[in-house]
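All values below were derived from every heavy atom in this structure, side-chain atoms included, with hydrogens, water molecules and symmetry-related copies excluded. By convention in this document, chain letters (A, B, ...) are assigned in the order of the sequence lines, proteins followed by strands, and residues within each chain are numbered from 1.
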Amino acid sequence: QWMLRITDYADRLLEGLDDLDWPESVKAMQRNWIGRSEGAEVDFGIVGFPEDRIRVFTTRPDTLFGATFMVLAPEHPLVEKITTEAQRGAVDAYREEAARKSDLERTELQKEKTGVFTGAHAVNPVNGKKIPIWVADYVLATYGTGAIMAVPGQDERDWAFAETFGLPIVRTVQPPDGFDGTAYTGDGPAINSDASDRAIPGIAERGANLNGLHVAEAKAKIIEWLEAEGVGHARVNYKLRDWLFSRQRYWGEPFPIVFVDERPVLVPEEDLPVTLPDLEEFKPSGSPEGPLALAEDWLHTVDPETGKPARRETNTMPQWAGSCWYYLRYIDPHNDERLVDPEKEKYWMPVDLYIGGAEHAVLHLLYARFWHKVLYDAGVIATPEPFGRLIHQGMILGEMEYTAYVDAGGTYVSAEHVAEDIDTRTGLPVRPKLVAEDRVAKRGDVFVVKDAPEIRVDARAHKMSKSRGNVVNPDEVIAQYGADAFRLYEMFMGPLEQVKPWSTRGVEGTFRFLNRAYRLLVDEDSGELNPSVQEAEPTKEQLRMLHRTIQKVTDDVEGLRFNTAIAAMMEFVNAANKWDVLPRAVAEPFVLVLSPFAPHLAEALWQRLGHAETLAYAPWPEVVEEYLAEETVEIAVQVNGRVRGSIAVPADAEKAAVLAAAKEDENVARHLDGKTLRREIYVPGRIVNFVAN
RNA sequence: GCCGGGAUGGCGAAAUGGUAGACGCAGCGGACUUAAAAUCCGCUGGCCGCAAGGCCGUGCGGGUUCGAGUCCCGCUCCCGGCACCA
């Protein structure tokens, strides 16, 4: 098997996240996946086995005095050796049972802790105390050292185990007053943590003393002690594992490796790439090797150096071998000399905006960062991170569904009594039943069956899935409404990153909008340019509307707020529909801002406007600030923070004039009547607030 | 349990600390039509009121502020991820 040593990059993959413009959720997932934790490794002696040590990893070395027993994973190599004859039968049985269980079975159910005593004892290095060594499957062989010191006083899991098997519990961190829980994992002064009055045979002249120190200080002090006495050291541990990169299948890049006398040899660069042989049969070979083992002609080759017979590696690489660097190669796909030309890489990299699904958070998006850093270290590329800004588009769910529940007898069961298709009152199964939208009504915060208002229904949109039967096929939507309306609807539904339920009626809305935009410029009967489109001078109102739209769309595209950009264009079309004359100088820029959203329609409109060339090369319309200015503005007038009126004033009106006008508003005057004015607040162009009592 | 993100009309949503609900869907009323579809116009958070207007309202409870959907503190629920990681 071939592994990639991604663990060497753990810290850099972690640190690199800080400067990326990525969603917090993905950063959190990657941090969690890498799973860095700081602590210490500590060696415990074993009574009767002076040559052996049990090494543990702990993030709480400050609690060493509270270690009242040890636990080894069932797979730990020392279990066999240290188990006493009296305990051997029980231990072997436990290990066999653990081996039979899947990982899921071992962890899934948060059931009672299980375990078995080995009969052996360890020596706690900080105080010389003998503590029993147990075997339990709550300790994972694959994390840390596969062995733990159990500190029930400060660890929930160890507490549960100690309770189950009647093992001693010693608190070594003073819980706060009134604490009535089990294990205490918070901060506090160390207690019961002084062994400085005695020697620890074979380890130290005097034991350690942490009493009174808080967690952080205690950790530092005990690590110092452990290092001084040679029984432990500071250590950083990761959840991240090295990356198994071999697959026993045909489709995949072959490893450029041949075996000569059973030893792997790199295929020289001039013989690269190693390509797949043509095969008739892609099924598993019947051996642990993949189907390539059956390609005899390809399999057997010679060592280019010595001419000795050689056998090719039959594993292939997984799909990541391509997806981890395609974005680099796409920059310069025909380059025979290098992966990518440095000049081109400098121009394009890093990727400015990566829009993709959240399902790649700890796979592709972590692996690609790793490869990128390897290539960076190798001097092949010049950027340490591949993707600057990352956005996850929210999933589109199926249409909203109203689900009622019926029991075996066909009687409705109100949704609040149902959990996982079980009536929680009777324990009997119920089955979900879809209810049409017009048969439900909202009562307060919940939906109920219209004819039976005491029966609640679940109102929820679900992930599209074949099994649920709520998949919307884009081809059908496009066939009915066109690609422009379909795309526009997807952008109009809501914020890009949000999960949103699909609504075919919603598509009709954007479809209608596009039709209105079309009729704005095209005469439906003749198919020619609408006579209202003229070479006329635009009015101030038209220019204001147009430029407001250009500004809004431009800003919103920049900020990926497509939904509000589309709303602005809808407002433009609604306003323009009321105009008798649509000056060409207004119509053309509008078509241009519409074009990225509805390219087909916009192109057709552009043609009707008399352009022989595509609009793709026309410059994006510029906002002219002076057209945006309004002559009069509406200002809300509040009295004590409540809106009591609204006045229209010239946009450049002085504060005094605005306040005077505000006081004249009939309703405002009424609310001020008989009160003393304490304060007058004026936010230009927005609001007046009179504080009075 | 831990981490991340949410909660605003019947629904999808909008709102630099400044008139909550823009825009769209659905609904209601009207125009056009023999009729329907399409289209166009108007209304549309709740309650009270003939009206003018008033009261309430952005998950819940507090707070800061002239003013809070927005800021702060404490919760609840929902979604996503991780989960015996020592």
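Contact check for A:V593 versus A:F572: no side-chain heavy atoms found under the 4.5 Å cut-off. The shortest distance between side-chain heavy atoms of A:M545 and A:E571 falls below 4.5 Å. The shortest side-chain heavy-atom distance between A:I391 and A:P23 does not fall under the 4.5 Å cut-off. Contact annotation: the side chain of A:R644 never approaches that of A:Q638 to less than 4.5 Å [non-hydrogen atoms, C-beta and beyond].
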Practice prompt. For the pair A:R487 and A:D484, evaluate salt bridge (Lys or Arg N to Asp or Glu O under 4.0 Å) and give the outcome as yes or no after the intermediate values.
Written response: CA-CA 5 Å; A:R487 183 189 300 104; A:D484 280 350; 3.3 Å; yes
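B:G61 and B:C43 have their C1' atoms separated by 37 Å, given to the nearest Å. When the P atom is compared between B:A52 and B:A15, the two are found 31 Å apart, to the nearest whole Å. Taking atom C1' in both B:A20 and B:C82, one finds a spacing of 38 Å when rounded to whole Å. Between B:G12 and B:G6, the distance separating the two C1' atoms is 15 Å to the nearest Å. Look at the C1' atom in both B:G80 and B:G67: the space between them is 36 Å, to the nearest Å. The separation of B:A31 from B:A37, taken at their C1' atoms, amounts to 16 Å, rounded to a whole angstrom. Atom name C1', nucleotides B:C3 and B:C71: the rounded distance is 24 Å, in whole Å. Comparing B:G18 with B:C72, their P atoms are spaced 15 Å from each other, to the whole Å.
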Worksheet entry | Annotated protein contacts, base or backbone, on nucleotides 49-60 of chain B with a non-hydrogen cut-off under 4.0 Å, one of B, S, - each | ----SSSS----
Worksheet entry | Summary of protein contacts for nucleotides 5-16 of chain B, nucleotide by nucleotide, where a base hit scores B, a sugar-phosphate-only hit scores S (4.0 Å, heavy atoms) | -----SSBSS-B
Between the protein and nucleotides 63-67 of chain B, which nitrogen or oxygen pairs come in under 3.5 angstrom?
{"unit_1": "B:C66", "atom_1": "OP1", "unit_2": "A:R679", "atom_2": "NH1", "d": "3.1"}
{"unit_1": "B:C66", "atom_1": "O2'", "unit_2": "A:N689", "atom_2": "ND2", "d": "3.2"}
{"unit_1": "B:C66", "atom_1": "O2", "unit_2": "A:N689", "atom_2": "ND2", "d": "2.5"}

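In terms of modelled atom types and a separation under 3.5 Å, the side chain of A:D458 and the main chain of A:T403 share no donor-acceptor contact.
Atom CD of A:E666 sits in a sparse spot, with 12 or fewer heavy atoms from other residues, nucleotides or ligands closer than 6.0 Å. Around CZ of A:R678, the count of heavy atoms belonging to other residues, nucleotides or ligands within 6.0 Å exceeds 12.
Here A:T142 lies out of heavy-atom contact (under 4.0 Å) with every strand. No engagement by A:R678 is indicated, since no non-hydrogen atom pair under 4.0 Å with the nucleic acid exists.
Taking A:S25 as the reference, nothing meets the side chain to side chain donor-acceptor pair (under 3.5 Å) condition, with sequence neighbours excluded. For A:T185, the side chain to side chain donor-acceptor pair (under 3.5 Å) criterion is met by no residue, not counting sequence neighbours. Judged as a side chain to side chain donor-acceptor pair (under 3.5 Å), and not counting sequence neighbours, the contacts of A:R31 are A:D18.
B:C75 and B:G59 make up a base pair, with Watson-Crick or G-U wobble contacts both under 3.5 Å. The nucleotide B:G67 finds no pairing partner, because no Watson-Crick or G-U wobble arrangement with both distances shorter than 3.5 Å includes it. Summarising the base pairing, B:G42 is matched to B:C28 through a Watson-Crick or G-U wobble pair whose two defining distances lie under 3.5 Å. Pairing for B:U8 is absent, with no Watson-Crick or G-U wobble pair whose two atom distances lie under 3.5 Å. Across all strands shown, B:U33 forms no Watson-Crick or G-U wobble pair with both distances under 3.5 Å. Across the strands present, B:G1 finds its partner in B:C82; the criterion is a Watson-Crick or G-U wobble pair with both atom distances under 3.5 angstrom.
Of the residues near RNA chain B, A:K578 and A:G506, the one whose nearest nucleotide (by heavy atom distance) lies more toward the 5' end is A:G506. Heavy-atom distances to RNA chain B give each of A:W33 and A:R505 a nearest nucleotide, and the one nearer the 5′ end belongs to A:R505.
Between the CG atom of A:L514 and the P atom of B:G24 there is a distance of 13 Å, given to the nearest Å. In this entry the distance linking CG of A:D458 with C1' of B:C77 reads 14 Å, nearest Å.
Side-chain nitrogen and oxygen atoms of A:R519 include at least one within less than 4.0 Å of the OP1 or OP2 phosphate oxygen of B:C40. An OP1 or OP2 oxygen of B:G24 is reached within less than 4.0 angstrom by a side-chain nitrogen or oxygen of A:N574.
Of the charged side-chain nitrogens involved, none lies within less than 4.0 Å of a carboxylate oxygen, so that A:K578 and A:E541 do not count as a salt-bridged pair.
The aromatic rings of A:W243 and A:Y367 sit parallel, their planes meeting at an angle under 30°, below the 60° perpendicular limit.
B:G74 takes the anti form, because its glycosidic angle lies more than 90° either side of 0.
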